[in-house]
Asks: 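Before I ask anything, here is the structure I am working with.
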2 protein chains.
Amino acid sequence: MDRKAMYKLTYGLFILTAKEGEKDNGCIVNTVTQVTTEPNRITVAVNKKNYTHDMIQRTGAFNVSVLTENSQFDTYKNWGFQSGAQVDKLEAISSKRAENGIVYIEDECNAYISAKVVSATDLGTHTLFLADVTDACALSEDESVTYSYYQKKIKTAPKTDGAKKGFVCTVCGYVYEGDALPEDFVCPWCKHPASDFKRL
Amino acid sequence: MDRKAMYKLTYGLFILTAKEGEKDNGCIVNTVTQVTTEPNRITVAVNKKNYTHDMIQRTGAFNVSVLTENSQFDTYKNWGFQSGAQVDKLEAISSKRAENGIVYIEDECNAYISAKVVSATDLGTHTLFLADVTDACALSEDESVTYSYYQKKIKTAPKTDGAKKGFVCTVCGYVYEGDALPEDFVCPWCKHPASDFKRL
């Protein structure tokens with residue numbers, strides 16, 4: 001099994017937002033797919049470690065804002081590398097509300113999709129949400145970013161802070177300092193497992 | 001609802017192959033997604049009108065070959081615009097067999113993934129297969145093709161054959177000649193619905 005072959009799959013990158021009571025939150029996901037056109041339905045796999053996951057599970061609704069090639073690394077850091085349980089990710093962000101009451105992001109995004117959960121399938125580390133598209137709106141003509149483009153052109157090199165021994169998360173660049181990476185280690189930034197780390 | 005917003009979602013393009021008895025077959029899909037890394041599992045949504053769909057449903061196994069930017073329009077025509085129920089799509093194709101006995105494609109592909117179905121969810125027009133990755137192999141360093149790249153750089157302009165009135169499938173270029181497109185029309189080439197056609 002060559003795990004690198006899995007990296008050949010193509011993905012976009014999206015800001016997944018939800019609202020529960022007065023709390024707005026969001027995270028970065030890469031797995032939004034239109035699975036049927038009649039009815040218009042999408043799937044998204046969301047890591048259970050994301051607070052947004054729990055909010056969607058409880059409220060049954062979300063928005064997807066489609067990130068473009070113009071998106072900045074700071075945007076990924078804001079939405080992807082910290083938890084909405086501790087931080088208000090929308091504090092410094094310009095956002096609007098869609099008809100479903102949930103925020104969407106205009107800056108660095110070319111469209112948003114509003115969706116209502118039809119079913120939630122437990123996949124262990126993730127939940128796969130199947131959802132009806134209730135609204136969709138194009139925002140700009142900018143090119144959608146691919147995960148590959150993000151890796152090559154947007155993600156900045158990891159800061160090793162002079163560490164001589166350690167492991168770097170190939171997904172987001174987080175550096176774990178130490179001689180050995182625990183097998184059950186999970187990246188505190190992007191929630192990917194030890195198998196996505198490589199030795200510095 | 002702005003249906004064009006749905007086109008902002010990013011996809012790759014893949015040859016999905018299956019084997020049933022002595023019959024090899026395959027089709028083009030755009031919805032292969034790794035949904036969990038531990039265990040290594042993918043989902044793929046397959047249109048029920050594809051013969052490959054029925055073969056996978058009966059045999060519970062398939063391969064995914066990842067198409068690259070070097071792929072040619074003829075490849076999409078071979079795998080996507082005709083049915084394996086009538087034609088042997090592998091007749092003029094160079095293919096090898098993976099360990100699971102199912103063919104994979106080396107030409108114009110940069111990796112293949114072998115998978116075993118864990119569950120099949122009925123989505124109406126499509127079935128969503130959740131599958132364990134049983135093997136994966138990188139084949140080349142060529143860039144994976146995106147659906148957007150295919151639309152802009154690979155797909156050739158539709159041949160209207162001088163037709164003055166008609167509708168063209170925006171997905172594959174099939175031309176329907178006539179004054180009105182039936183609402184329940186399904187593209188005979190790529191199986192997309194009437195909503196994906198536009199007036200010539």
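Computed from a predicted structure; not experimentally measured. Reminder, nothing fancy here: chain letters follow the sequence lines and each chain counts from 1.
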Asks: Identify which part of Leu139(B) has an atom lying under 4.5 Å from any heavy atom of chain A, answering side chain, backbone, both or neither.
Replies: neither
Asks: Side chain, backbone, both or neither: which part of Thr121(A) has a non-hydrogen atom closer than 4.5 Å to chain B?
Replies: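 Thr121(A) has no heavy atom closer than 4.5 Å to chain B.
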Asks: If Ile, Leu, Val, Met, Phe, Trp and Tyr residues are connected whenever their side-chain heavy atoms lie under 4.5 Å apart, and connections chain through other members, are Tyr112(A) and Ile28(A) in the same group?
Replies: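 No, Tyr112(A) does not connect to Ile28(A) through the hydrophobic network.
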Asks: Chain B: which of Pro39(A), Ser144(A), Ser119(A), Ser114(A) shares the most heavy-atom pairs with it under 4.5 Å?
Replies: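 With the most close heavy-atom pairs to chain B, the winner is Ser144(A).
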Asks: For Asp2(B), enumerate each residue passing the salt bridge (Lys or Arg N to Asp or Glu O under 4.0 Å) test, keeping only those at least two apart in sequence or located in another chain.
Replies: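 Result, salt bridge (Lys or Arg N to Asp or Glu O under 4.0 Å) vs Asp2(B): none returned.
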Asks: Just so I understand: if I count every heavy-atom pair under 4.5 Å between each of Arg41(A), His192(A), Lys4(A), Glu38(A) and chain B, which residue has the most?
Replies: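 Result: the option with the highest number of such pairs is Glu38(A).
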Asks: By the definition side-chain contact (heavy atoms from CB on, under 4.5 Å), identify the one residue from Asn110(A), Ile113(A), Val32(A), Asp142(A) that meets it with Lys8(B).
Replies: Asn110(A)
Asks: Is Ser140(A) in contact with chain B via its backbone, its side chain, both, or neither, using a 4.5 Å heavy-atom distance?
Replies: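 For Ser140(A), the backbone is the part near chain B, not the side chain.
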Asks: Counting distance only, does the side-chain N/O of Arg3(B) pair as donor-acceptor with the main-chain N or O of Asn40(A) below 3.5 Å?
Replies: no
Asks: Test of understanding: with side-chain hydrogen bond (donor to acceptor under 3.5 Å, both in side chains), list the residues that count as partners of Thr75(A), not counting sequence neighbours.
Replies: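 Counting only residues at least two positions away or on another chain, Thr75(A) forms a side-chain hydrogen bond (donor to acceptor under 3.5 Å, both in side chains) with Glu108(A).
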Asks: Check each atom of Thr43(A) against the heavy atoms of chain B and say whether the ones under 4.5 Å are side chain, backbone, both or neither.
Replies: side chain
Asks: Report the residue from Thr33(A), Leu128(A), Thr36(A) that forms a side-chain contact (heavy atoms from CB on, under 4.5 Å) with Leu128(B).
Replies: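 The residue from Thr33(A), Leu128(A), Thr36(A) that satisfies side-chain contact (heavy atoms from CB on, under 4.5 Å) with Leu128(B) turns out to be Leu128(A).
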Asks: Against chain A, label Ala5(B) side chain, backbone, both or neither, depending on which of its atoms sit under 4.5 Å from a heavy atom there.
Replies: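 Contact with chain A involves both backbone and side-chain atoms of Ala5(B).
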Asks: Quick check on Glu99(A) against chain B: is it the side chain, the backbone, both or neither that has a heavy atom closer than 4.5 Å?
Replies: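 Neither; nothing under 4.5 Å.
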Asks: In terms of hydrophobic clustering (I, L, V, M, F, W, Y; side-chain heavy atoms under 4.5 Å; direct or indirect links), are Met6(B) and Met1(B) co-clustered?
Replies: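 Linked, Met6(B) and Met1(B) end up in one cluster.
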Asks: Side chain, backbone, both or neither: which part of Lys48(A) has an atom under 4.5 Å from a heavy atom of chain B?
Replies: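 Interface part for Lys48(A): neither.
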Asks: Which bit of Val145(A) comes within less than 4.5 Å of chain B, counting heavy atoms only: side chain, backbone, both or neither?
Replies: backbone
Asks: Please answer: with hydrophobic residues joined when any side-chain heavy atoms are less than 4.5 Å apart, are Ile102(A) and Val64(A) in the same cluster?
Replies: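 Different clusters.
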Asks: Relative to chain B, which segment of Asn47(A) carries a heavy atom at a distance below 4.5 Å: side chain, backbone, both, or neither?
Replies: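 Contact with chain B is absent: no heavy atom of Asn47(A) under 4.5 Å.
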Asks: Given heavy-atom pairs under 4.5 angstrom as the criterion, report whether the side chain, backbone, both or neither of Val35(A) touches chain B.
Replies: both
Asks: Kindly compute the distance separating CD (Gln34(A)) from OG1 (Thr31(B)), expressed to the nearest 0.5 Å.
Replies: 10.5 Å
Asks: Is it the case that one hydrophobic cluster holds both Val118(A) and Val133(A), taking links as side-chain heavy atoms less than 4.5 Å apart, direct or via other members?
Replies: no
Asks: Please flag which part of Ile42(A) lies under 4.5 Å from any non-hydrogen atom of chain B: side chain, backbone, both or neither.
Replies: side chain
Asks: Mind checking whether Tyr104(A) and Val66(A) sit in one hydrophobic cluster, side chains of I, L, V, M, F, W, Y counted as touching below 4.5 Å?
Replies: no
Asks: Side chain, backbone, both or neither: which part of Ala138(A) has a heavy atom under 4.5 Å from chain B?
Replies: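 Interface part for Ala138(A): both.
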Asks: How about NZ on Lys23(A), more than 12 heavy atoms from neighbouring residues, nucleotides or ligands closer than 6.0 Å, or not?
Replies: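 Enclosed: over 12 neighbouring heavy atoms sit under 6.0 Å from NZ of Lys23(A).
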Asks: Out of Ser148(A), Ala136(A), Gly124(A), which one racks up the most heavy-atom pairs below 4.5 Å with chain B?
Replies: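 Ranked by heavy-atom pairs under 4.5 Å with chain B, first place is Ala136(A).
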Asks: For chain A, which residues from residues 12-19 of chain B have at least one heavy atom closer than 4.5 Å to it?
Replies: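 Gly12(B), Phe14(B) fall under the 4.5 Å cut-off.
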Asks: Any chance you could pull the hydrophobic cluster mates of Met55(A), using side-chain heavy atoms under 4.5 angstrom and chaining through other members?
Replies: Tyr51(A)
